[in-house]
K.L.:
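So that we are looking at the same thing, I have put the structure below in structure tokens.
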Amino acid sequence: MEKHKYLEMLHKLNQEENLEESEIVSLLACDEQEITEQLFRLADQKRQHYVGDEVHLRGLIEFSNVCRKNCFYCGLRRDNRRLKRYRMSEEEIYEVGKKIAHLGIKTVVLQSGEDPFYDAKTVARLVKRLKKLNIAVTLSIGERKKEEYALWREAGADRYLLKQETFDRELFRKLHPDDDYDVRLECQHILKELDYQVGSGNMVGLPGQSEESLASDIKHFQKWDFDMIGIGPFIPHPDTPFGTFQMETEKKYLLTLKTLALTRILTKTALLPATTALGTLIPGGRERALQCGANVLMPNCTPFTYRTQYAIYPGKICLTEEWGSCLPCMKRMVENLGRRIADDYGHRRRIPLPK
Ligand code: SAM
Ligand code: SF4
Ligand code: FES
């Protein structure tokens, strides 16, 4: 495609904050550095305009690496017998939540494999206790029944993260031996009905994923109006069926950033994390993401002994022994970019600011 066509698309993107799916495909596939840089700058401007300079922190507790599912890409999959499994007790989780609140972080994220050991009542009790600490609570514990989601919402849970991983049905099927595309999407629908702030998202660089798949993801993010969208690179784990899949790092990196940038422009006010996976793929990846539309960071607050065992993918960053050390590290990161850490709960601002 000629350069002026890309420039026209960028102009349209700036004016209308929207593109046709086919135009998104073209921009994702474009390897002209100048166009890519312009796209990143535009996403940064829109981020500044719609959500400002604040970066929201979410204290992540990875409380169990036990999983009943077998997703082909994930190191926690049940058939990975090499992984030493752990479960934190309710009391342990609460104590970490308390420490997070004392650090001044306004959101706790409870994440795990799909582990039915934590029944609905246990999770509800934990949410209630955490809410008394005057913090927002996000759950990311997979697919559950509507009644369970409802119980946790009543207990005070504010947000729920359940990434679709891809909105390409065929690809979804190839990634998930025991998941159904429509069931997973229906969960997100139910969560919206229950008035959670709902997070979806995808992985970039999956085997068999095309630019068309990614463009479809971006259009779905826009159409569904998700409050949070986690966009991270797929990092192969050697103890999974996709362990040997290879894609050039720089290509995957740029594709992830482009997906993020386009998502920022099309969704305007969504909360978009600079993911740990991107920081793992490339040193400085999270900093770059913050300059391409992201406005959320997730300090890892899992106790050190467990942290190393929450091995979704290899080489994960932030495996520091000293608990809480991501916080000063992230503060520096944000300040170096001329941005600031937010001190509110960091809920999604639903009404776009006037232009
Ligand atoms: N079990 C819950 C679920 O699947 O929704 C939450 C935990 S799961 C480990 C959290 C996220 O990890 C997934 O949504 C997926 O995007 C990401 N993930 C899993 N394997 C990955 C890999 N190999 N590379 C990058 N991200 C991965
Ligand atoms: Fe389990 Fe989630 Fe990993 Fe799938 S992605 S194997 S559900 S932890
Ligand atoms: Fe976790 Fe730097 S952000 S150690």
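Order of appearance sets the numbers: ligands from 1, and atoms from 1 within every ligand.
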K.L.:
Would K316 count as a contact residue for ligand 1, given that I'm defining contact as a non-hydrogen atom of the residue lying under 4.0 Å from a ligand atom?
P.N.:
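Outside the 4.0 Å threshold, so no.
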
K.L.:
Is the cationic atom of R153 (NZ for Lys, CZ for Arg) positioned less than 6.0 Å from the six-membered ring centroid of Y196 and within 45 degrees of its normal?
P.N.:
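R153 over Y196 ring: yes.
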
K.L.:
Output yes when a side-chain donor or acceptor of S140 lies under 3.5 Å from a complementary backbone atom of L110, and no otherwise.
P.N.:
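The answer is no, because no donor-acceptor pair under 3.5 Å joins these two groups.
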
K.L.:
At a 4.0 Å cut-off, with the gap strictly under it, does some heavy atom of S112 reach an atom of ligand 1?
P.N.:
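True for this residue.
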
K.L.:
Strictly under 4.0 angstrom, heavy-atom based: which residues surround ligand 2?
P.N.:
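Residue list for ligand 2: C67, K69, C71, Y73, C74, L76, R77, G113, E114.
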
K.L.:
Does ligand 1 have any atom that is closer than 4.0 Å to a heavy atom of Y310?
P.N.:
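Contact check Y310 vs ligand 1: positive.
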
K.L.:
Closer than 4.0 angstrom: is that true for some heavy atom of H237 and an atom of ligand 1?
P.N.:
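The answer is no, since H237 has no heavy atom less than 4.0 Å from ligand 1.
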
K.L.:
Does the protein put a heavy atom less than 4.0 Å from atom 7 (C) of ligand 1?
P.N.:
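Under the 4.0 Å cut-off, atom 7 (C) of ligand 1 does have protein heavy-atom neighbours.
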
K.L.:
Considering only heavy atoms of K163, which atoms of ligand 1 have at least one such atom less than 4.0 Å away?
P.N.:
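Within the 4.0 Å cut-off of K163, ligand 1 contributes 14 (O), 16 (O).
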
K.L.:
Could you tell me whether the side chain of E8 and the main chain of K5 form a donor-acceptor pair under 3.5 Å?
P.N.:
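No, because the side chain of E8 does not come within donor-acceptor range (under 3.5 Å) of the backbone of K5.
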
K.L.:
One thing to verify: whether D182 and R169 come together as a salt bridge, which I'm taking to mean a side-chain N less than 4.0 angstrom from a carboxylate O.
P.N.:
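The answer is yes: the pair qualifies as a salt bridge.
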
K.L.:
What protein heavy atom is closest to atom 2 (Fe) of ligand 3, reported as residue, atom name and distance in Å?
P.N.:
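For atom 2 (Fe) of ligand 3, the nearest protein heavy atom comes out as C329 SG, 2.3 Å.
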
K.L.:
Does NZ or CZ of R184 fall inside the cone over F172's six-membered ring, less than 6.0 Å from its centre and within 45° of the axis?
P.N.:
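No.
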
K.L.:
Just checking, is any N or O donor in the side chain of R58 or T107 under 3.5 Å from an acceptor N or O on the other one?
P.N.:
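Indeed, the side chains of R58 and T107 share at least one donor-acceptor pair under 3.5 Å.
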
